[in-house]
There are 2 protein chains.
Amino acid sequence: MPIIDFWYEFASNYAFLAAMRIEAVAERAGVGVRWRPFMLGPIFAAQGLTTSPFNLFPIKGRHMIRDMERQCAAIGLAFVKPDPFPQNGLAAARIALIGHDAGWGPEFSRRVYRAEFVEGRTISDRDVLTAILDELGLDAGAVLAASETPDNKGRLKAQTETALGLGIFGAPSFITADGELFWGNDRLEQALHWARYGTLEGLLPRL
Amino acid sequence: MPIIDFWYEFASNYAFLAAMRIEAVAERAGVGVRWRPFMLGPIFAAQGLTTSPFNLFPIKGRHMIRDMERQCAAIGLAFVKPDPFPQNGLAAARIALIGHDAGWGPEFSRRVYRAEFVEGRTISDRDVLTAILDELGLDAGAVLAASETPDNKGRLKAQTETALGLGIFGAPSFITADGELFWGNDRLEQALHWARYGTLEGLLPRL
């Protein structure tokens, strides 16, 4: 089965939209998904950006909020703009790495996104993360401790450096086995089709 | 019949993709299209941008080129990155205004885009524009002269100010009668659905 890498950061609202639907869409496409959390901060810094482009260009940020409201309403989700935006997803990403080893990473990630963008909670808050781990029936204290070891912190850092090396500049990004990079929730279907067929023919209508 | 305003600038590659397909997609959706050329320069300047974001953030520009190559190959078009990018679309936009009054605006616009992004021609070149007007069976000299009157220049300027006032920050943009702004070729289907139904429900699958 072909595989795509799903590069995501908890601060990203469009990665939230992708995370909520990727498993179902990929299954229909016959493509497997490897979830790869990373940090956008160093990626933005490499482009000379000090924060999210949605903050640097407020007119774009206002459109993004309205775009999220429209789309979330249609798919059946409330949408709350995080305050502050973007949230700090570092602690959640460290936990997600452990979760992906153990098999509960996708469900954990969706719950973090839901807490952040549907419920308006602060995802850098240890209590919020503990509650999510509890809901999953995990030993929250043990998971948090494991997520904060130097080894695990180093893994996330290395994964972010890998993302930078792959030419990733935003989230979500999807990368196929042959190295094609697709950026944005709007490109999920194209990435899956490419993973399967190595072309977008048959997906986009010819002129 | 509901109507959307299609705000486009000849320099924009994603407006090119939208222009090539908008009439067919809108017809299927039962929505009319009002073509509204404008200039991105003053719009970018209002955001503190001195050129296209694809030049300011080269890593994003490289992804855009690959994205265009993939999509154009699938829809059956060659893609040539204009040199220089972005092209100066001022003269073409002034002509387009006249063409939209006379009914040949959409066809003229598609031919300008094709010259620019498929054939790699320089669309600020008077000979290129003359050849397109000739192909349409028009009196190229008379059209060019009419496009360069102070009145017509002022119309394009006023239309760009209108775009700025509507909160447009990039191209293509689609605006529905109830004032919803949708940005990007990827949002064309959403804009049309919204124009028809006032919601995205029924278009996006519920989670």
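In what follows, every heavy atom counts, from backbone to side chain, and hydrogens, waters and symmetry copies are set aside. By convention in this document, chain letters (A, B, ...) are assigned in the order of the sequence lines, proteins followed by strands, and residues within each chain are numbered from 1.
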**Report entry** Separation of I75(B) CD1 from L207(A) CG (nearest 0.5 Å)
**Finding:** 4.0 Å
Report summary line: Closest non-hydrogen contact found for G76(A) with R206(B) is CA-NH2, 3.4 Å
Query raised in the report: Are the side chains of R187(A) and Q71(B) in touch, meaning some heavy atoms are under 4.5 Å apart?
Result: yes
Requested in this report: Report yes if the side chains of Q190(B) and D67(A) come closer than 4.5 Å at any heavy-atom pair, otherwise no.
Outcome: yes
Query raised in the report: For atom CZ of R114(B), is the number of surrounding heavy atoms from other residues, nucleotides or ligands below 6.0 Å larger than 12?
Result: no
Query raised in the report: If you look at every heavy atom in I59(B) and I168(A), which pair is closest and at what distance?
Result: CD1-O, 4.2 Å
Query - Atom group of L49(B) that falls short of 4.5 Å from chain A, counting heavy atoms - result: side chain
Report task. Using a cut-off of under 4.5 Å on heavy-atom pairs, state which of R21(B), M20(B), K60(B), R70(B) scores highest against chain A. Result -> R70(B)
Requested in this report: Taking the side chain as every heavy atom from C-beta outward, state whether F169(A) and R62(B) have any pair of such atoms under 4.5 Å apart.
Outcome: no
Query raised in the report: Within 45° of the ring axis of F182(A) and under 6.0 Å from its six-membered ring centre, is that where the NZ or CZ of R66(B) lies?
Result: no
**Report entry** Toward chain B, the part of L56(A) with a non-hydrogen atom under 4.5 Å
**Finding:** neither
Query raised in the report: Going by residue number, which parts of residues 23-48 of chain A are within reach of chain B, meaning a heavy-atom gap below 4.5 Å?
Result: Q47(A)
Report task. Over all heavy atoms of both residues, which pair between E201(B) and A73(A) is shortest? Give the atoms and the distance, please. Result -> OE2-O, 4.2 Å
Report task. For W104(A), look at atom CH2 and say whether over 12 heavy atoms of other residues, nucleotides or ligands are found less than 6.0 Å away. Result -> yes
Query raised in the report: Side-chain contact, heavy-atom cut-off 4.5 Å: L181(B) with H63(A)?
Result: yes
